[in-house]
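Every chain is numbered from 1, with letters handed out A, B, ... down the list of sequences. This structure is a prediction, so every number in the text was calculated from the model and none was measured.
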Amino acid sequence: MKTFYITTAIDYVNGSPHLGHAYEKVLTDVIARFRRMMGEKVYFLTGTDEHGQKIQQSARAQGIEPQDYVDGIAPEFKAMCEKLEISNDDFIRTTETRHKKVVCALLLQLFDKGEIYKAEYEGYYSTRQEQFLQDKDRNEDGSWPEIYGEVTQITESNYFFKLAGYQEWLIEHIKTHPEFIIPRYRAKQVLEFLAEPLNDLCISRPKERLEWGIPLPFDPDFVTYVWFDALTNYYSAVADQPDMWPASFHVIGKDILVPPHAVYWPIILQACGLALPQSILAHGWWSINGAKMSKSTGNFVEPAQFVDQFGVDALRYFLIREMSVGQDSDFSMEQFLVRYNSELANNLGNLVNRTLNMTTRFADSIVPAPAELGEPEAILQAAWTKARDESIPLFEQFQFNVGLERAMSFITATNTYIQQREPWKLGKSEDPADQALLRTALATMAEALRLGSSLFLAVTPSSVAKIRGVLSYEAGPVWKDELVWDNRLTGNAVEKTCILFPRPEKKS
RNA sequence: GGGCCUUUAGCUCAAUGGUUAGAGCAGGGGACUCAUAAUCCCUUGGUUCCGGGUUCGAAUCCCGGAGGGCCUACCA
C-alpha cells in the first residue's frame, strides 16, 4: 500500500506562531488522523523554514548568530505542535544537514543537466532595504518612496532555473489532473497565471548580499534563494525512505499556491525526474473580529494561551467546525463561545455527564443489557446510520464543517431520545416493565454515546479518549469496527461524573 | 485594464435543475428535573444581492449590473 504522505507548509521562524500557523497544523492533522482511521498508512511531516535575509537581519539585530537565533525559535513551533496534539511523524528544519544535502544534490543534478545557468541582471537597487526594486514600487510620479533611501542602478550576476520550457507540460498536467489543486476553483487561478509566458526563476543570491542560506554546490560565492531551499523540504525529509515519494498531499495557505507550490515546485520535480504530488490543498485565512490578522494591530490570538484556557480540543473543534476548507473565516470570542457552549459543553459534554449520572444512580454504575427495543430505539438507531453514512463522505471531501454538524446532530438526537424515555421516572418505578425499559434506555444511551463520540475522533482525539475512559471502554484497532451498533458496553463499570467541557467562568 | 472567487433567515452555514429553500445559534412561548442555569417541544424570521433570459420547473444554468475579497510572472 502506498503511504499517504501529507505535509504542512514549513513555517518561517521570523516570529512566534499565531492562529494561522495553528490552523494549518490542525487541519492537516485532522486529515492525517482521519486517513489513519480509514485504514491507510500515513506519514505526516511538518517543520520550519530557517534561512533568508529576514532571519539574518533579526539575528544581527539581537547580536547573535543566525543559527542561534533559529535554534531559539524553532522549538516554539515544535512546542505548538505538541500543545495542539499534532500527530506528525517528523519535523524537518531547513538548517539540518539531511535537508541541505538533498538540496545540493538536486541543484547539482539540474546544473549538470544544463537546467540552471548564470546570467547578469541589471536593475534598481535600494542599499537601505538591501533589495532590488521594480517599477511597481515607484510612486505615481516615478520617484522612489523614501523608505528605500538612495536607489542606484546596478548589475548583478545570478543563477537562473529554466522554467519556461515546462510551461505547456504543466498546463496539461493541471488540466488532466482535476485533483491536483484543491479546491478545484483555485486551479483556474493557476491556469490564469500560466496563460502568460513564464520567465526563468532566479534561484541564487550573491553571498555579499545574503550569507544565511545553502551555498550553491557549483559556486560557493552564492547561496540558494528561498524556493529551492524551502520547497525541497517535502522531498528531503523522505528522500532516504522507500515507498514515500511522491507526496499525497501538500496542505498550504492560499497565499503560497501561485506561483511557488503550483508552478515552481512541480517544475522543479519534473526537471529532477521526480514524481509530482497527488494534490495541493490550499486553505483560506482567518480574520480576527473581522480584521486582518496582524501583530501591529494587536488583534491576534495566541494559540498556546487559548489552549491553556479552554483546552486543546475546544480550539481544534472550533477551527475545523467553523471554517469551510478553502474559504476565509472570522475568529471571534463571541462565535467561539457559541460553539463551545452550545455544541461542546451543553450538547456533547452534558450528554456524557447525564449518561454517567443516570447509570450510576439507577444501575449502580454498571451499563445494563438492553431489554426489548421499542420505537424510540429504532428511531435513534436510524439516526445513527444516517449520521455515520453522511459524515464520513463529507470528511473524505474535506467538508469537515458540514460533517461535524451531521455528527453533532446525532448527539442532539440522543438527547432527544433520553427526553422521550425519561429514565429518571423509570428509575423510580417498581413496575418490572418500567425496570426493563430503564435497562434498555441506559444501555441505549451509553451505546449512542460510544458511537456518536467516535465520529469526532479525528478532531477531538483526547476528548474521545476521555469518553471511552469513563465508559471503561477500550476501542479496537479498526475504526470502522467502532461504528457498528451492538451491546459491547454491557456490564462495563462507568465513572460517576465527568465534566468534559466546563463552562467558562463568567466575567463579572 | 484583464481575470478569478463570493453574496441564501439577525449570525454561521446547507440545499445531484425537481414537493412549500432547510439546520444550528440568537429571539419568543411552553415542558421537564438525570445533567455543566442543562435538556426537550412548539414558534417568529426569506424579494436566495438587483435586472433580464433559457426551461414544464432556477438559489442552482446563461447575459448584464451592484457590494465584498483576491490574483496579475523571475519581489533578481
Euclidean distance, atom CG of residue A/Asp255 to atom C1' of B/C5 [Å, nearest integer]: 16 Å

Touch class at under 4.0 angstrom, heavy-atom based, for A/Arg209 against every strand present: sugar-phosphate

A/Arg361 side-chain proximity, nearest of B/C13, B/C5, B/C34: B/C34

Protein-nucleotide distance (A/Phe400, atom CZ; B/C13, atom P), rounded to Å: 17 Å

Sugar-phosphate only, base, or nothing, as touched by A/Lys428 at under 4.0 Å among non-hydrogen atoms: sugar-phosphate

Between B/U44 and B/C63 - C1' atom distance, rounded Å: 38 Å

Sugar-phosphate, base or nothing in reach of A/Phe193, heavy atoms under 4.0 Å: sugar-phosphate

Aromatic ring proximity, centroids under 6.0 angstrom, A/Tyr264 and A/Phe228: no

Phosphate OP1/OP2 of B/C5 contacted by A/Lys188 side-chain N/O (<4.0 Å): yes

Exam field: side chain A/His283 to backbone A/Ile252, donor-acceptor pair closer than 3.5 Å: yes

Any donor-acceptor pair under 3.5 Å from A/Thr94 side chain to A/Glu50 backbone: yes

Sugar-phosphate, base or nothing in reach of A/Thr355, heavy atoms under 4.0 Å: nothing

Candidates B/C40, B/A14, B/C34 - which lies nearest the side chain of A/Met358: B/C34

Whole-Å distance separating the CD atom of A/Gln420 from the C1' atom of B/C41: 10 Å

Residue closer to the 5' end of RNA chain B, A/Val338 versus A/Glu196 (nearest nucleotide): A/Val338

Nearest-nucleotide pick for A/Thr416, side chain only, options being B/C34, B/C74, B/C41: B/C41

Closest to side chain of A/Ile499, choosing from B/C13, B/U36, B/C25: B/U36

B/C75 OP1/OP2 closer than 4.0 Å to side-chain N/O of A/Arg205: yes

Separation between the C1' atoms of B/U48 and B/A15, rounded to whole Å: 11 Å

Charged tip of A/Arg339 within 45° of A/Tyr317 ring normal and under 6.0 Å: no

Euclidean distance for C1', B/U7 against B/U60 (whole angstrom): 14 Å

Minimum-distance nucleotide (side-chain atoms of A/Leu201 versus B/C32, B/C74, B/A14): B/C74

P spacing across the pair B/G57 / B/U19, given as an integer number of angstrom: 15 Å

N/O donor-acceptor pair, side chain A/Asn199 with base B/C74, under 3.5 angstrom: yes

Length of the line joining A/Lys386:NZ and B/G22:P, which is rounded to integer Å: 14 Å

Nearest-angstrom distance from the residue atom CD of A/Glu390 to C1' of B/G24: 15 Å

Sugar-phosphate, base or nothing in reach of A/Gly123, heavy atoms under 4.0 Å: nothing

Atom P, compared across B/C42 and B/C49: separation rounded to whole Å: 29 Å

Nucleotide of B/C11, B/U6, B/G69 approaching A/Gln327 most closely (side-chain heavy atoms): B/U6

Sugar-phosphate only, base, or nothing, as touched by A/Asn415 at under 4.0 Å among non-hydrogen atoms: sugar-phosphate

Residue pair A/Ser365, A/Thr360: steps toward the side-chain hydrogen bond (donor to acceptor under 3.5 Å, both in side chains) verdict: CA-CA 4 Å; A/Ser365 297; A/Thr360 294; 3.0 Å; yes

Spacing of the C1' atoms in B/C4 and B/U39 (rounded, Å): 47 Å

Worked verdict on A/Thr497 versus A/Asn353 for side-chain hydrogen bond (donor to acceptor under 3.5 Å, both in side chains): CA-CA 6 Å; A/Thr497 187; A/Asn353 200 37; 2.7 Å; yes

Sugar-phosphate, base or nothing in reach of A/Arg321, heavy atoms under 4.0 Å: nothing

Proximal nucleotide (of B/U36, B/A14, B/C74) relative to the A/Tyr264 side chain: B/C74

Sugar-phosphate only, base, or nothing, as touched by A/Phe501 at under 4.0 Å among non-hydrogen atoms: base

Options B/U39, B/C70, B/C34, nucleotide nearest the side-chain atoms of A/Gln189: B/C70

Donor-acceptor contact below 3.5 Å, side chain A/Ser429 vs main chain A/Asp431: yes

Sugar-phosphate only, base, or nothing, as touched by A/Leu351 at under 4.0 Å among non-hydrogen atoms: nothing

Geometric class of the A/Phe160/A/Tyr117 ring pair [parallel <30°, tilted 30-60°, perpendicular >60°]: parallel

Secondary structure of RNA chain B in dot-bracket form (Watson-Crick or G-U wobble, distances below 3.5 Å, | marking inter-strand pairs): (((((((..((((....[...)))).(((((.......))))).....(((((..]....))))))))))))....

Atom-to-atom span, CG of A/Leu449 to P of B/U39 - whole angstrom: 15 Å

C1' atoms of B/C62 and B/A21, separation to the nearest Å: 22 Å

C1' atoms of B/G1 and B/U20, separation to the nearest Å: 47 Å

B/A14 OP1/OP2 closer than 4.0 Å to side-chain N/O of A/Ser324: yes

Between B/A14 (P) and A/Met408 (CE): distance, integer Å: 17 Å

Toward the 5' end of RNA chain B, by each residue's nearest nucleotide, A/Glu322 or A/Lys425: A/Glu322

Derivation and outcome, side-chain hydrogen bond (donor to acceptor under 3.5 Å, both in side chains), residues A/Thr412 and A/Asn347: CA-CA 7 Å; A/Thr412 302; A/Asn347 205 8; 2.9 Å; yes

Sugar-phosphate, base or nothing in reach of A/Asn350, heavy atoms under 4.0 Å: base

Out of B/G69, B/U36, B/G24, whichever nucleotide has its closest atom nearest the side chain of A/Asp328: B/G69

pair A/Val223-A/Trp212: side-chain heavy atoms closer than 4.5 Å: no

Ring geometry between A/Phe306 and A/Phe310 (parallel below 30°, tilted from 30 to 60°, perpendicular above 60°): tilted

Whole angstrom value for the distance that separates P of B/G24 from CD of A/Glu405: 9 Å

A/Glu343 side chain, from C-beta outward: closest of B/G24, B/C34, B/U36: B/G24

Distance test, side-chain N/O of A/Asn341 to OP1/OP2 of B/C25, below 4.0 Å: no

